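Encoded as structure tokens, the structure appears first; notes follow it.
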Number of protein chains: 2
Amino acid sequence: MLTKKELKEYCENARENYLPHISIDCVVFGFHEGLMKVLLLKVKNEGGWYLPGGFLLKPEPIEMAANRILKERTGLDEIFLQQFHVFGDPERSKEHFEMYKDLLPAKENWFTNRFLTIGYYALVDFCDVNPTPDQFSATCSWCDLNDLPEFKLDHALILKTALDTLRLQLNYQPIGYNLMPKEFTMPELQKLYETILDKKLDRRNFQRRMLGFGILNRLEKPRKGGAHKAPYLYSFDLENYKAALTEGFKGGW
Amino acid sequence: MLTKKELKEYCENARENYLPHISIDCVVFGFHEGLMKVLLLKVKNEGGWYLPGGFLLKPEPIEMAANRILKERTGLDEIFLQQFHVFGDPERSKEHFEMYKDLLPAKENWFTNRFLTIGYYALVDFCDVNPTPDQFSATCSWCDLNDLPEFKLDHALILKTALDTLRLQLNYQPIGYNLMPKEFTMPELQKLYETILDKKLDRRNFQRRMLGFGILNRLEKPRKGGAHKAPYLYSFDLENYKAALTEGFKGGW
DNA sequence: AATGATAGTGTATTACTGACACAAGAGTAA
DNA sequence: TTACTCTTGTGTCAGTAATACACTATCATT
């Protein structure tokens, strides 16, 4: 929560530069040590967590805004982003309304307005991210998808919708290029799928199917160093991967 | 295109009642005589066609706004609606900007603002629709999907995106309840699928697969009156249909 | 009663999915 | 060095779904 002074400054700036009534919230998925992670922010002097988000500059394309916001929170450029839903319940920002309504008159108070928020989800390589709080936040950090904190506003719903969308997309799009390091083993990739879907998959069938998609290159060298049989390393075949992204897998009719 | 007087009145009302910078555009699909149809509007004194659209009342949920807009254009309540994308290119309303910029000063000119538009597609029973122009339009009518006119703004893109989404959804959701009359024959339903997908399907395999979904009831009576063998009539099993809508078909992992 | 057009249905082939088991490699410890 | 353990790589078989294809049934018309 902002102090009155901070609020006032922020609102003046926001009214000047941002489109009113529209915000962007991003669900940033990462994958680390076999666990699915989401990037979250904890606001100063408030309980509850937020998704990284922000506003749209008046002349800015939406996707560019999402990229800008994520660049600020992660340090990353060129993030894989997918717009998935607009959340527009008139009551969705009620908490903010209650919190800020007494600090500034409605007319100049950015946060007592209604906001529609455009939901994006992002897939990123966990290790590349440098979580950076925004000016409202005390903390920006990865949270385990299995162990989520309390959310503010409707951010739990946004996260759930993103996850549902991701799971659905898994069925007709390749995924992983943005979540895995350049080189990885088949068991590691399987773990990613298992984590996203929250279920066990058969090792042999997973491999067969995955290879069947034709988006993987097996590298010559295996991964050394483990205490067991050295697994092969794979990388994505970018060309086929992108083709699969646009055309989708098989898919019925 | 509006006259100056009309524009002025409209803008005053709009500023008062609608959220700025946000619009809704609907792609209304219907199916008639074996052809896929889209509901379009032709504005007075302008070349080119628009999708039915409108704005969001300040306290109104998005979905309700889409319903309200479609109720006005079609006479229908309770339309099947699916939000599919937000279009936000800052240049997307350039045509409007050029058209209206000289009529009113920017400050009070609703139409020279930037608009993000939320795209919904709707599936309706062609025969139930009573196409009704809005106050800007001379004509509201069904157009054949294979024979589309010139569009204004980015409405060709919006339509294409809607169609792509619909085709994709065909693979994991039932469709047809909203597009077909209550009772229909298997060949008629097949024709719907063929029309949406723009490709021929095998009669026998289509039937087997469709019945396999378990969302159809075969009625006792056949359709009489044709010059040929009387086909069976089917209706959708609402309960199973809705279950399939939420759970999706099979779907991979 | 023969014709023409369309509807209903069965079957063989192939591809895919899911369940399962065994062999190979790499380190570890005797 | 050898046996052991853990993990990876791969083959097979059965059940299921997808594809391709051809015949019979029915109605209206002549």
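Just so it is clear: chains get the letters A, B, ... in the order the sequence lines come, proteins before strands, and each one is counted from 1. The structure presented is a predicted model; accordingly, all values stated were derived computationally and were not measured.
A donor-acceptor distance shorter than 3.5 angstrom exists from the side chain of B:Thr74 to the backbone of B:Leu76, with no hydrogens or angles considered. Using a distance-only test at 3.5 Å, with no hydrogens or angles considered, a donor-acceptor pair links the side chain of A:Asn240 to the main chain of A:Gly214.
The existence of a salt bridge linking B:Glu183 and B:Arg223 is excluded, since no basic side-chain nitrogen approaches an acidic carboxylate oxygen closer than 4.0 Å. Between A:Glu194 and A:Lys199 there is no salt bridge, since no side-chain nitrogen of the basic residue lies less than 4.0 Å from a carboxylate oxygen of the acidic one.
One can place CG of B:Leu211 at 13 Å from P of D:dA18, the figure rounded to the nearest angstrom. Rounded to whole angstrom, the span from the CZ atom of B:Phe206 across to the P atom of C:dG8 amounts to 12 Å. One atom, CZ of B:Arg209, and another, P of D:dT16, lie 18 Å apart when rounded to the nearest Å. Regarding A:Phe184, its CZ atom lies at a distance of 16 Å from the C1' atom of D:dT8, rounded to whole Å. Atom CD of B:Gln207 is separated from atom P of D:dT19 by 16 Å (rounded to the nearest Å). Rounding to whole angstrom units, CG of residue B:Leu233 and P of D:dC27 are separated by 14 Å. Per the geometry, CG belonging to A:Asn171 stands 15 Å off C1' belonging to C:dC16, to the nearest Å. Put simply, CZ on A:Phe213 is 11 Å from C1' on C:dC16, counting in whole angstrom units.
Ring geometry for B:Phe213 against B:Phe249 counts as parallel: the plane angle stays under 30°, on a 0 to 90° scale with 60° as the upper cut. Ring-plane geometry between A:Tyr177 and A:Tyr241 is classed as tilted, the angle between the planes lying from 30 to 60 degrees on a 0 to 90 degree scale.
Aromatic pair A:Phe151/A:Tyr50: ring centres not closer than 6.0 Å. Between B:Phe126 and B:Phe31, a ring centre-to-centre spacing not shorter than 6.0 Å is recorded.
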Requested in this report: Treat primed atoms plus P, OP1 and OP2 as sugar-phosphate and everything else as base, then score nucleotides 20-30 of chain C 5' to 3': B for base contact with protein heavy atoms under 4.0 Å, S for sugar-phosphate contact only, - for none.
Outcome: BB--BBBS---
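Residues from residues 190-201 of chain B with heavy atoms under 4.0 angstrom of DNA chain C: there are none.
Across all strands, A:Arg218 comes closer than 4.0 Å only to sugar-phosphate atoms, never to a base (heavy-atom distances).
Sorted by first and then second residue, the salt bridge (Lys or Arg N to Asp or Glu O under 4.0 Å) pairs with a member in residues 160-178 of chain A read A:Lys160-A:Asp164; sequence neighbours excluded.
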